[in-house]
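Proteins get letters first, then strands, A, B, ... in listed order; numbering begins at 1 in each.
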Amino acid sequence: MPELPEVETVVRGLRRSIPGRTILSVRLGKMDFIDNPVALEMHLPGRRIESVERFGKFMLLRLSAVIAGERVASDDNGDAAAASLLVHLGMTGQLAPSAAAEPAGKHTHVYLTLDDGRELRYTDPRRFGRMAYLTEAQLAAELTAFGADPLLVGAEEFATRIRSRNSRIKALLLDQTVLRGVGNIYADESLWRAKIHPTRVGNRLSVKETETLRKVLQDILKKAIVMRGSSISDFLDANGEPGEYQRRHRAYGREGERCYRCKTTIRRAIVAGRSSYFCPKCQPEPRRRKRKPSRARAKKS
DNA sequence: CGTTGAACCTGTTTGC
DNA sequence: TGCAAACAGGTTCAAC
């Protein structure tokens, strides 16, 4: 459920009351989605949360360096220096503070006790999310593999990233090493708006088409953030509130309904392994590509 | 390189 | 009603 707009919504919510708080203790339930559970228990207590940031679909809680004297940095592990708690919400993750006395749900697996009587809790039924305590060096290494920020990427870079690839545009939009933060909903919404069929191949899109796609993608992401994301069945922000952007969806989840532009019935097909919704009229299907002219003897056709 | 399908895990919806 | 199948905002990895 969480794509860039939803993660940004959670981050903005957390920024209102989390920075400045110190983590007093850590309690863990199931921990198969945590890189190194012991690292959390060992290094989080005593740390102050300096800020909350977003990187693609990741949330980063920036942690203070351990105050000298509080805990002596006698080791060279770097565990006394600034570090971060990286959180990915997967499909069903939620990160929100609540009063420590508030009963937690069945799928709440991480409890960070704060110094103001609250607990920052991570809840995730499917546990497709991820949590990890990372030093600065580990964090830097972790983030290098990701692509451009879809909100900031310029026309030239976007065109290059898309038009240099031989994959379907749907797959490219979902590929986090191409763009960081776009998921299934916003990929389909932007393709519908740009009138581009999800199976069109990147290197066969014109410069004009990629520029249209970049603009509508940015416009959609910005509007979705303003509307606090899309809540399909269970997305809730850091205040437990659902988003409103699902009311603006034009393609995603609309199989069998009529296209807002031409009234044609919206169709669903699996592209890049994901349900993809599109208007078969507004988004014309590309001509099937001939297979490679393998002159290496293939028996023939 | 690129594509597909399976796997990870739990819950909800849909179909017979 | 009951039960099984299909499906879900994501990522990763093996196999071709």
Which side-chain N or O atoms in residues 273-282 of chain A pair as donor and acceptor under 3.5 Å with protein atoms at least two apart or in another chain?
residue : atom : partner : partner atom : Å
A/S275  : OG   : A/R268  : NH1          : 2.6
A/S276  : OG   : A/K170  : NZ           : 2.6
A/S276  : OG   : A/R274  : O            : 3.1

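Comparing B/dT14 with C/dG9, their P atoms sit 15 Å apart, to the nearest whole Å. Between the P atoms of B/dG5 and C/dA6, the separation comes to 14 Å (whole Å).
Under the side-chain hydrogen bond (donor to acceptor under 3.5 Å, both in side chains) criterion, the residue pairs touching residues 13-22 of chain A are A/S17-A/R118, A/R21-A/D115, with sequence neighbours excluded.
Applying the salt bridge (charged side-chain N to carboxylate O under 4.0 Å, His left out) criterion to A/E41, with sequence neighbours excluded, gives no partner residue. Scanning for salt bridge (charged side-chain N to carboxylate O under 4.0 Å, His left out) contacts around A/R193 gives A/D219, with sequence neighbours left out. With sequence neighbours excluded, no residue satisfies salt bridge (charged side-chain N to carboxylate O under 4.0 Å, His left out) with A/K222. In this view, A/E119 and A/R27, A/R121 satisfy the salt bridge (charged side-chain N to carboxylate O under 4.0 Å, His left out) rule, not counting sequence neighbours.
Between the CD1 atom of A/I185 and the P atom of C/dA8 there is a distance of 11 Å, rounded to whole Å. What separates CG of A/L173 from C1' of C/dG9 is a distance of 16 Å, to the nearest Å. Between the CZ atom of A/F128 and the C1' atom of C/dG10 there is a distance of 8 Å, given to the nearest Å. Atoms CG (A/L174) and C1' (C/dG10) sit 9 Å apart, rounded to a whole Å. When the C1' atom of C/dG10 is taken as reference, atom CZ of A/R274 falls 6 Å away, rounded to whole Å. As a whole-Å value, the separation of A/E3 CD from C/dG10 C1' is 9 Å. Atom P of nucleotide C/dG10 and atom CZ of A/F33 are separated by 18 Å, given to the nearest angstrom. Taking atom NZ on A/K57 and atom C1' on C/dG10, their separation rounds to 6 Å, with Å as the unit.
At a threshold of 4.0 angstrom between heavy atoms, the contacts of A/R168 are confined to the sugar-phosphate backbone, with no base atom among them. Backbone-only engagement by A/K106 is indicated by non-hydrogen atom pairs under 4.0 Å involving sugar-phosphate atoms exclusively. Across all strands, A/G273 comes closer than 4.0 Å to no nucleic acid atom at all (heavy-atom distances). Residue contacts for A/Y252: at a heavy-atom cut-off of 4.0 Å it reaches the sugar-phosphate backbone alone, with no base atom in range.
Contact annotation: the side chain of A/S230 never approaches that of A/F235 to less than 4.5 Å [non-hydrogen atoms, C-beta and beyond]. Two residues are said to be in side-chain contact when any heavy atoms from C-beta on lie closer than 4.5 Å; A/E50 and A/L61 fail this criterion.
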Under 3.5 Å between N/O atoms: give me all the protein pairs with nucleotides 4-7 of chain C, atom names plus distance.
residue : atom : partner : partner atom : Å
C/dC7   : OP1  : A/R268  : NH2          : 2.8

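For DNA chain B, the contact window with chain A, defined by any atom under 4.0 Å from a protein heavy atom, covers B/dG2 to B/dG11 in 5' to 3' order.
Nearest-nucleotide positions on DNA chain C for A/R126 and A/R130 put A/R126 closer to the 5' end. In terms of position along DNA chain B, the nucleotide closest to A/S164 lies nearer the 5' end than the nucleotide closest to the other residue of the pair A/I270 and A/S164.
The phosphate of C/dG10 has neither OP1 nor OP2 within less than 4.0 Å of any side-chain N or O from A/Q176. Within the 4.0 Å cut-off from OP1 or OP2 of C/dT11, at least one side-chain nitrogen or oxygen of A/H88 is found.
Within 6.0 Å of CD on A/E255 lie more than 12 heavy atoms contributed by other residues, nucleotides or ligands.
A donor-acceptor contact shorter than 3.5 Å is absent between the side chain of A/R180 and the backbone of A/Q176.
Listed by chain and number, the hydrophobic cluster partners of A/Y111 come to none, as no ILVMFWY side chain reaches under 4.5 Å of it. Hydrophobic side-chain contacts under 4.5 Å tie A/L24 to no other Ile, Leu, Val, Met, Phe, Trp or Tyr residue. Hydrophobic side-chain contacts under 4.5 Å tie A/L134 into a cluster, directly or through other members, with A/F55, A/F58, A/L60, A/L86, A/L139, A/L143, A/F146.
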* Structure fact -> Base-pair string, DNA chain B, Watson-Crick plus G-U, cut-off 3.5 Å on both distances, | for inter-strand, is .|||||||.|||||||
